[in-house]
Structures are given as structure tokens and as C-alpha cells.
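This report refers to the structure that appears directly beneath it.
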Amino acid sequence: MSAIVVQGYCPLKGEIEIQGSKNAALPMMAAALLHKGTTVLKYVPIIQDVFCMMGILESMGCACSRNGHTLVIDARHIKTARIPRESGKAMRSSIVVLGALLGRCMEGEAYYPGGCSIGSRPIDLHLAALRHMGAEIAEKDEMIIARTRGLRGAEITLSYPSVGATENVILAAVKAKGTTILKGAAMEPEIDALCGLLCAMGADIEGIGTSILTIRGTDELHDTEYQVPGDRIVTGTYLSAVMAAGGEAAFRRGSPQHLGCVLDTMQHMGADIRVTGDVTEIKMERRPKGIFITTSPYPGFPTDLQSMAMVLLAVGNGKGRLKETVFEGRFATAKQLHKMGAEIIIEGSEARITGKGSLKGTAVKACDLRGGAALVVAGLRADGETRITDCHHILRGYEDICRDLQNLGGSIRRES
Ligand code: UD1
């Protein structure tokens, strides 16, 4: 079992480049399935979830070849429209492959998806929308079997701006007959990236960046090359690391234009932040101030940075509060932080946190991807050594958190 060992109280200093975005890369890889040809994605992060998606595409007959951060997907030949059980269960975003499969093969089989254990994660909105577009979907035990005689454009209103459901509808609509109008769509920047790639492939999508998307179906897709944007959640993680440890650092390619609410919140907590082009600079000379943070869909404070915010409030000054509105069960990391001496009281979807200035190093366990990374951040502000086990969760989304923090002068190492 692999572990990450962090030595606390070592201020961070330096400049690093942020990896490509996981949540953008995965649906972009699924989009490649729509085209009987080649799609080249650049700046793809080298992480477990990307390998898992490559495995899914390869099992269907695509040829995937990776050279560094460039991934070439040749989807000329598809031999099966079934997502393998293991990969489907390992990663929730496997479900967006279903929309692309229906568009390309008029059928698709998937398993109820897994991924991080952060509360119940139903897919009712995905399935209802695909049915509305002409898919017949049977749910048998853990399987979803979808068939269509041809998807057709439809008017769909999502009752909640689900990121995955929005992506599934877009992928299904690109080759459907007629026009799809999607209202109540999620507006996360990763959706703009997906639409950007699809338009570069020849799709016709209007309203990108808004909650109403109009997608006119087409059969004319072509080979393309497209770049994945920098990972705003990884940038937010490393900004939090500097806020916890103290020091100053700069991050290149970290999509600061998509971090408005996060940067405002961090400034409110006492960080000095400056953005120039795609570089985000941060300087932290004090303990984070206790404030009230509520997660919400984009452009609000992202749920994926909620555990980092919890750590900052726990090592901060005064009383803070966190309200989680996106995933109900996303407080598992609080239990681990208690072991480190944090004062956190969970009441339903809220956490009340009393800043203690610092934590104490001890053995803790990563419960999910972002929660695991938050424990690394906590270790940077803990007395002594923090040993984080179950790090496979962290590897799903971070290329090399140890390398990145070492490059900023952090005392952190991986043990296997
Ligand atoms: C994506 C991100 C994840 C992020 C989340 C919210 C990827 C690979 N993952 O996950 O990192 O935390 O957006 O920003 O991009 N819901 C339903 N029914 C559905 C679909 C969703 O009730 O059919 C609920 C979920 O249970 C959850 C909320 O909607 O409470 C948000 O889920 P969603 O936006 O779909 O998140 P994901 O696409 O799974």
C-alpha cells in the first residue's frame, strides 16, 4: 500500500506548471468516440483516471497512443459498445461514454458508475435526458443497456445543473437528427472545453459558457487536434498548500480565469493573490481567517475544493463555517482531520470549524481523491510527520503531488 509522508512547518516557495485538467480530459476522450477517425489531445494529465478511460476506449476497439502529454485516439474501428465492468465501476465519468456510444453506435452498455465515495451519486438525469432523445434504456441489476433507432434532437431541461448529465446530452446530441436545446445546463469550464473540442471537430454548438446550449446535429465530424485546459482544481489545491504552509509561489497554466470565486475567498482569508495572464501568484504571511464558505455549481466555490477549505479553516484563526450543497456525504475527511487535532463539528450539510493555528502529524487515510489531497495540505501545517495511506485515491487525479510540492520546497515523499 502506498503512503505519502509530509513533514510540517516548511514554508513553500517557487514556481510550477499546473497539469492538464482531469475533468476536462475525460469527457474530451469520450468525445473522440463520435468520430470515425483520429483525435489528438494535448496537455492530457498523466493520471490513473486517464489510463482508466484509455482502457475503456481500447476495450471498444479504439487505438490509443500516448507520447508524454499528447494522446492520439484513433476511433475508426469500434468492435463493441460495452463499457467493461471494472473500469465502469472504478470511475464515475465512465457514464459519459454512454452518450457518445449512442451517438456513434446507436447502442451502449454501461455499469452503474463508481468513483469517489462522496455521497449518493445517482444518474437519473442522464438517463431521463437520453430517453427523451429517443434512447430505450433498460436497467438490469448493475447494468444499463441503451439502444436507439436513431437519436433525435429534443428540448431538455435539467432540474439540476449536473456536470455529467450536461456532458452526456452534449455528446449524444452532436450526431442526433435535428436540434437539441438543453436548458439548465451546468456551466463548469470543463463543459466549455468539451464544446470547444467538439466544435473544432465540426459540431455546431451555440450558447457555450451559458446555461442554455443549442446543439444542431451533424454527420460531418473530422480529425482534429485540441488542447486540454489547465486543472483549476489542482491550482486551487496548491494555492491552499501555500495558504496552509505559508510562503509565496506562482502557478503557470492553472486556469486562473476560472478560479474567480476561489481567489476571492482566499483573499478574504488573508492571502495576497495576483493574476497576470495565466500565472497565479500567491503570498501568505498570516494564518487563514475563519469565514463562511458555501459550495455550489460553477461559478460558485467548487465542491472539489471543499476539503481544502476545511483544512484552511482548521489551521486558521477564529471560527469558520462550511456548507456543502453539491454532494451530501462529502465530509469524510473531517474524521481524519480530527485525528490530527482539528476541531470540526458536522451538523447535516454544515461543518463548524474552530481554527487551531496548526495540527499534529499522525497517521491518516485518504478517503477520496480531493479529501486525500487535502490531508497532504493539512500535513504541511502539522507538527511532526503526517503519514497518509490509501494514496491510490490521490493518484486518480494528481500527476505527482509529491513532485510538485517538493519543487516548491515542501518536505514530502512517497513510500510504497
Ligand atoms: C463532476 C466532477 C466532479 C465534481 C462535480 C460537481 C467530473 C469527472 N467530475 O462530477 O469532480 O465534484 O462534477 O462539480 O467532471 N445528480 C443527480 N442525478 C444525476 C446526476 C447528478 O441527482 O443524474 C446529483 C449528484 O448526486 C450530486 C449533484 O447532482 O449531488 C452534482 O453531480 P454532477 O454535477 O453530476 O457531478 P459529476 O458529473 O458526477
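Start at 1 with the first residue, then count along the sequence. Reckoned from all heavy atoms, side chains included, excluding hydrogens, waters and symmetry mates. As the structure lists them, so they are numbered: ligands from 1, and atoms in each ligand from 1.
Listed by atom number, the atoms of ligand 1 under 4.0 Å from G164 heavy atoms are 35 (O), 38 (O). Close approach of ligand 1 to Y160 (heavy-atom distance below 4.0 Å) involves ligand atoms 28 (C), 29 (O), 31 (C). Ligand-side atoms of ligand 1 in range of S93: 8 (C), range being under 4.0 angstrom from any heavy atom. Heavy-atom proximity to I123, at under 4.0 Å, picks out these atoms of ligand 1: 19 (C), 23 (O). Every atom of ligand 1 with a heavy atom of R330 under 4.0 Å away is listed here by number and element: 12 (O).
With a 4.5 Å cut-off on side-chain heavy atoms, I293 and R321 do not count as touching. Within the 4.5 Å cutoff, the side chain of T214 has heavy atoms near those of the R216 side chain.
The nearest non-hydrogen atom to atom 12 (O) of ligand 1, considering only L125, I191, D304, comes from D304. The closest non-hydrogen atom to atom 39 (O) of ligand 1, taken over R92, E167, K22, comes from R92.
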Sequence neighbours excluded and cut-off under 3.5 Å, please list the side-chain donor-acceptor pairs for residues 36-46, or say none.
| residue | atom | partner | partner atom | Å |
| --- | --- | --- | --- | --- |
| K42 | NZ | E225 | OE2 | 3.3 |
| Y43 | OH | I18 | O | 2.2 |

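Within the 4.0 Å heavy-atom criterion, both parts of S162, backbone and side chain, lie near ligand 1. Residue contacts with ligand 1 for Y298 are absent, since no atom lies close enough (heavy atoms, distance under 4.0 Å).
Ligand 1 has P122 within reach: a non-hydrogen atom of the residue lies less than 4.0 Å from it.
Using a 3.5 Å distance cut-off with no hydrogens or angles, the side chains of S87 and Y111 do not pair a donor with an acceptor.
Polar contact with ligand 1: absent for E328 (N/O pair, distance under 3.5 Å). Inclusion of D124 in the set of residues having an N or O under 3.5 Å from an N or O of ligand 1 is warranted. The N/O atoms of V326, backbone and side chain alike, include one that comes under 3.5 Å of an N/O atom in ligand 1. Between V163 and ligand 1, at least one N/O pair is under 3.5 Å apart.
Electrostatic pairing of R232 and E190 counts as a salt bridge here, judged by a charged N lying under 4.0 Å from a carboxylate O. Salt-bridge formation is not detected for the pair R330/E324: no Lys NZ or Arg NE/NH1/NH2 atom is positioned less than 4.0 Å from an Asp or Glu carboxylate oxygen.
Not counting sequence neighbours, N317 has no partner by the side-chain hydrogen bond (donor to acceptor under 3.5 Å, both in side chains) test.
With rounding to the nearest 0.5 angstrom, the CG atom of L312 is 10.5 Å from the OG1 atom of T265.
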Quiz prompt | Working for side chain to side chain contact (heavy atoms under 4.5 Å, CB included), residues Y112 and M143 | solution = CA-CA 6 Å; Y112 269 96; M143 275 198 90; over 6 Å; no

